[in-house]
Amino acid sequence: LGLLEVTLSRLSLVRKARGRVVNVSSIMGRLSVLGGGYCISKYGVEAFSDSLRRELSYFGVKVAVIEPGYFSTNISSPEKISRATQEAWDQASPEVKEIYGEKFLASFKKSIEKLESLCCNNLYLVTDCMEHALTARHPRTRYSPGWDAKLFYLPMSYMPTVLVDAIISWS
C-alpha cells in the first residue's frame, strides 16, 4: 500500500511536470508460484501501474514497471525464508499441520535451499532498467531483468494454465 500512497501523494506534481512513474514489481506479479501475500501484492502493483499508465498517458506521463526475476536480496535470503516458514509452521493450528504434514514442510524447506543457486548477484541489471525507465526518451512499459524472468517466467506466463500448473508442481 505504501507504493500506492507515495505515488498518489505526488501525482499532481508528476502530472504537472509531465514526469515519470517507475514502479518495482516482480516477475511474480505475472506468474504466481507461491502462496502468501507476496505474489498478491505484486499483481496489485502490476494492475495499479497499468491503470495509472492508461490514465496518465493523456497528460504525457510515462509509467513503467520493473519486473525482476530472482536476485540475491534480503527478501530472497534462504535463511530468512526458512526461519519465517518455520515460524509460520510453529504457529499453525494442529489441523493445518495434520493436513500438510511434516513431509510438506521438509519439501518446502528443501526447495528454499535451492533458491540461492537460482538468484542472480548482478543487481546492476535491475538498476540499469530503472535508469533507462527514468532517463530514456522512449522508455519501455515493462522491464524484466534477469535470465530467469526472460527465459522461464515470462514465457510461462503465456502458456496454458494446465501446463504451467504441471511445470510448477513437477519442480
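Here the structure is a predicted model, which means the values were calculated and not measured.
- One finds the SG atom of Cys129 at 10.0 Å from the CD atom of Glu67 (value rounded to the nearest 0.5 Å).
- In terms of heavy atoms, Ser49 sits closest to Val65 at CB-CG2, 3.3 Å.
- Expressed to the nearest 0.5 Å, how far SG of Cys39 lies from CG of Leu31 amounts to 8.0 Å.
- Closest approach of Lys109 and Ser82 over heavy atoms only: CE-OG, 4.0 Å.
- The salt bridge (charged side-chain N to carboxylate O under 4.0 Å, His left out) contacts involving residues 42-51 comprise Glu46-Arg142, Asp50-Arg53, Asp50-Arg142, where partners must be two or more places apart or lie in separate chains.
- Around CG of Leu163, the count of heavy atoms belonging to other residues, nucleotides or ligands within 6.0 Å exceeds 12.
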Extract all donor-acceptor atom pairs below 3.5 Å that involve side chains of residues 91-101 and protein atoms in other chains or at least two apart in sequence.
unit_1: Ser93; atom_1: OG; unit_2: Val96; atom_2: N; d: 3.2
unit_1: Lys97; atom_1: NZ; unit_2: Trp89; atom_2: O; d: 3.4

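- Atom-to-atom distance recorded for Tyr38:OH and Met28:CE is 7.5 Å, nearest 0.5 angstrom.
- Rounding to the nearest 0.5 angstrom, the gap separating the CG atom in Leu105 from the NZ atom in Lys110 is 13.5 Å.
- Applying the side chain to side chain donor-acceptor pair (under 3.5 Å) test to pairs two or more places apart or on separate chains, none has a residue in residues 9-19.
- Among residues two or more places apart in sequence or in another chain, the side-chain hydrogen bond (donor to acceptor under 3.5 Å, both in side chains) test is passed with Ser51 by none.
- In the hydrophobic clustering (ILVMFWY side chains linked at under 4.5 Å, chained through shared members), Val21 is joined by Leu3, Leu4, Leu8, Leu11, Val14, Val45, Phe48, Leu52, Leu56, Tyr58, Phe59, Val61, Val63.
- Residues Ile167 and Phe108 share a single hydrophobic cluster, defined by chaining ILVMFWY side chains whose heavy atoms lie under 4.5 Å apart.
- Applying the 4.5 Å side-chain rule to ILVMFWY residues, one finds that Tyr43 remains a lone member of its cluster.
- Here Lys62 contributes atom NZ and Leu134 contributes atom CG; the two are 13.5 Å apart, rounded to the nearest 0.5 Å.
- Shown here are the side-chain contact (heavy atoms from CB on, under 4.5 Å) partners of Asp128, two or more places apart in sequence or in another chain: Tyr124, Glu131.
- Residues Ile168 and Ser32 come closest through the heavy atom pair CD1-O, 4.2 Å.
- Looking at residues two or more places apart in sequence or on another chain, you find a side-chain contact (heavy atoms from CB on, under 4.5 Å) between Pro68 and Val24, Ile66, Phe71, Val126, Pro145.
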Donor-acceptor contacts, no H, no angles, side chain residues 147-160, under 3.5 Å, sequence neighbours left out:
unit_1: Asp148; atom_1: OD2; unit_2: Tyr70; atom_2: N; d: 2.8
unit_1: Lys150; atom_1: NZ; unit_2: Ser144; atom_2: O; d: 2.8
unit_1: Ser157; atom_1: OG; unit_2: Leu154; atom_2: O; d: 2.6
unit_1: Tyr158; atom_1: OH; unit_2: Arg30; atom_2: NH1; d: 3.3

